[in-house]
Structures are given as C-alpha cells and as structure tokens.
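We're numbering straight along the sequence, starting at 1. All heavy atoms count here, side chains included; hydrogens, waters and symmetry mates do not. Small disclaimer: the values here were computed from a predicted structure and weren't measured.
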Amino acid sequence: MPLHHPADGPPPRPGEDLRADFPGLAGNWHYLDTAATAQKPQAVIDATVNAMGRDYATVHRGVYARSADMTLAYEAARRRIAGFIGAKDDQIAFVRGATEAINLVAYSHPRKGRVLLSTLEHHSNIVPWQLAGWQVDVCPLTADGCIDLDAAEKLLTPEHTMVAFAHVSNVLGSPLDVARAAELAHRVDAELLVDGCQAVPRLPVDVAALGCDYYVFSGHKLYGPTGIGVLWSDKLDSLPPWQGGGSMIDRVTFERTTYAPAPTRFEAGTPAIIEAIGLAAAVDYVAGIGIDAIHAHECQLVGSLREALARKNSITLFGPENSAGIVSFSMAGVHPHDIGTILDESGVAIRAGHHCAQPLMEHLGVPATARASFGVYSNDDDVAALIEGLSRVERIFG
C-alpha cells in the first residue's frame, strides 16, 4: 500500500514541506547533487532498518515462518516497483544498479552486432557495449543538447541490432522522445534499451506505452538504497543467464544444468533482500507525493535557476530550456572544481567534473561542467543560495 492514502487529505507538496523527512538534510545545507544520488527519506531508512533487524531472514529457502514472511515482503516489493513503471512483476529483474543491467543485456543478448549510442551517454551506457564486443556507432545531438532522432533515423541500418539511449541526460537534463526512438529502432529490426536513471525519479514512466524493449534504472537515484537497480523487459525469457550460482537454477547435475524462468534466472545468489524492500518504500514515498507534482516542482526550480544564471555574463549554460531536474553550466576563467569548493564553504553542494560523460565534455568543448540537480526536497532557498555563492565565486576570481 502507498504511504499516503487519499483519505489522509492532500499529499505533501515537494520542497520545503518535505525536508524534514530527510535526516541527511538537517541544518542549513543546500544539497543540489540529487542526479548523483538522492537523499533518503526516513520511511526508506525505517524500512531498511526493520528489514535488516526485526524482520530479517533469507528468502525463497526457509520453511519457517519468518523466512516465509520475508519472501512475501520481497516479492511484494517486486510487484510494487514493477507497478510504478507500468510493468508486470515477472518482467523486472533485480540487479545491483543500471550499470549491471546494461552489462547483462550487452553480454547476454543473442544478436550482438552494431549498437547506436548517442554523444551524451553516461560511461555506463558506453563501456559495457565495447567490452561485450559490440560495434559502436554514435548519434549526434541537436544544437540545444538533445539526442538528434532525425540523425538517428539516417544512421540506423539493418546491421544495427540495438539502440541504447538515455531517457534523460545526467549532464544536460535533455529528455528523449522514447516512443519515436523505439519506432526508429524497430523499423530496422533493432531493439531499444533506455537508461532511465535520471527519468524515473522525476518523470512519469510507463514502459508499455514507451514501446522500448529494455528499461533500466538504479534505486539510489530514486530515494532508495544503493546496491540495487532494475532491469525491465518483456523479452527476458529470450535472454540466457548471465551469472551462475544458487537461486537461478532449475536442476543442477555435473553433466547438465537447467535454469529457472525469468526473472529468477538473472538473480544468482542470495538476492538484495533489504535493498529491494527499501526501494519499494522509496517507490511508495514518491507515489504518495505524485510524480507529476515532483516533475512540475523541479521544472519550476530549473526555470528559476536557468533564468538567474542567464543574467550572469560569466556563465555559459548547457542543455535545453526544458531540461528535467538538471542544470549544467560553466563560469569563464574558473574551473568547475573551484566553483564546487567555494560553494561548499557556503553550504551549497553541487557536482563538478565530467560526470562520467567524457565524450559529451569533448563535444561541449570543456574539460568539465558544474551541475546543479534537484529533488523532491529542493526549494527556492537552494536556488538563492547557489546564486549567492556564485556571486562570491565571481568576486574571488574577478
């Protein structure tokens, strides 16, 4: 059940009203690095503590009552997480994170061939394809930093068996028209994998409506624990196992092993029991607020920040005006690491660096950018503190 019930009255509004739910935000700290990892609400902390302590037992193996109860809780978590993205529970496999999910597909896919990536991809959506032996082609970006699907249409050939794009860029916040990308991929009999790490915490996601073949995301960016992520596909049964061990088997002999059906065959070993229950609590928390309310809130903050930064002559903004929850920028004559260090002295936490997107940095013509990213707890005070801190940076380097 969701944590907020309609009978309780209107759900809480994102922003200042929710900061008290996040112990990591105690004090006058302006956390603007949610794209890297989200702070955790007390509901998630409580769920993981109870799962590790009061309720703890292994799953799928014990015949005693607590093990059975934990098995029910673990599989209930799978159902709740699947429902959050419009999926069936047997269509999602728990993995360590989006990185492992992409590796799983890259190595297990039976039709290794050419894969079309884009200039803005995270290293986690580049390196696995290279390591697994795929031939990589690169789709350029539009002038405002979105994946150029017109160019993708011209680049795709029958030799491509996979397209792998980010739903939202972790640097630019650029949103992808997933439905069109899926149509273009399917036109040449390729499949589409979507990296949803930055989209799932802030955009409505219905995998069935999107039309993609694989959708991956990490729990820790969705206000859940680290060490767990999700691979969704309605084609999991067509993939062979990637890792071997306990739990993922049907029957083992020294001569031959048969495997469990999906998704179990992709969850070798003792699963991330505590993390799955924590992620389900995070999904409940987000659902209780409403993903549309979160998206609207972050859009307002992005608009305010971009408008304020645009008034500073020293600032160069990157990405489209409709960037989702993320704003990247540079300041003339100042390295982003210096910006981040000085802002930290004022209690403002941003990201500075190449953001695991070095090809994109080369495209932008910069070694790194400064990045501010928002969450459900972000508010106008955070924007004001960032702008004030940047004015201090300008004075120091002016």
Heavy-atom count around E362 CD within 6.0 Å, excluding the residue itself: above 12? no

Tell me whether H363 contacts the main-chain N or O of L120 through its side chain, where contact means a donor paired with an acceptor under 3.5 Å. no

Are more than 12 heavy atoms from other residues, nucleotides or ligands located less than 6.0 Å from atom NE2 of H295? no

Quick one: sort the Y223 and Y377 rings into parallel, tilted or perpendicular, breaks at 30° and 60°. perpendicular

Using only heavy-atom distances, determine whether the side chains of Q300 and S304 contain a donor-acceptor pair under 3.5 Å. yes

Could you check whether D195 and H122, counting side-chain N and O atoms only, form a donor-acceptor pair closer than 3.5 Å? no

Would you check if V207 and D234 make a side-chain contact, meaning some heavy-atom pair closer than 4.5 Å? no

In the single-linkage hydrophobic clustering (I, L, V, M, F, W, Y; side-chain heavy atoms under 4.5 Å), do V348 and I396 co-cluster? yes

Tell me whether the count of non-hydrogen atoms from other residues, nucleotides or ligands lying under 6.0 Å of CZ in R78 goes above 12. yes

Would you say K88 has more than 12 foreign heavy atoms packed within less than 6.0 Å of its NZ? no

Residues R79, E75; criterion salt bridge (Lys or Arg N to Asp or Glu O under 4.0 Å); working and verdict: CA-CA 6 Å; R79 287 193 298 276; E75 292 302 335; 5.8 Å; no

Taking the six-membered ring for Trp, are the ring centroids of F374 and H297 within less than 6.0 Å of each other? no

Taking atom CZ of R251 as the centre, report whether more than 12 heavy atoms of other residues, nucleotides or ligands fall under 6.0 Å from it. no

Is the number of heavy atoms from other residues, nucleotides or ligands under 6.0 Å of E388 CD greater than 12? no

Might you work through the side-chain contact (heavy atoms from CB on, under 4.5 Å) test for Q198 and I326, ending with a clear yes or no? CA-CA 9 Å; Q198 300 297 342; I326 296 168; 3.9 Å; yes

Given the rule in the side-chain contact (heavy atoms from CB on, under 4.5 Å) test, do H220 and K40 qualify, once you have shown the distances and angles that lead to the verdict? CA-CA 8 Å; H220 72 102; K40 316 306 174 194; 3.7 Å; yes

Validation row, ring centre F217 to ring centre F84 under 6.0 Å: no

Could you state the interatomic distance from CD1 (I294) to SG (C299), rounded to the nearest 0.5 Å? 12.0 Å

Determine, using the 4.5 Å side-chain heavy-atom cutoff (strictly less than), whether L18 and V302 are members of one ILVMFWY cluster. no

What do you reckon, is CG of N313 surrounded by more than 12 foreign heavy atoms closer than 6.0 Å? no

In terms of hydrophobic clustering (I, L, V, M, F, W, Y; side-chain heavy atoms under 4.5 Å; direct or indirect links), are V136 and L155 co-clustered? no

Closest heavy-atom contact between I350 and R371? CB-O, 3.4 Å

Give a yes or no on this: more than 12 heavy atoms of other residues, nucleotides or ligands lie within 6.0 Å of atom CZ of R19. yes

Short side-chain donor-acceptor distance under 3.5 Å, S169 and S174: no

Do side-chain atoms of D382 reach the backbone of N379 as a donor and acceptor pair under 3.5 angstrom? yes

Hey, quick one: are Y215 and V105 part of the same hydrophobic cluster, counting side-chain heavy atoms closer than 4.5 Å, chains of contacts allowed? no

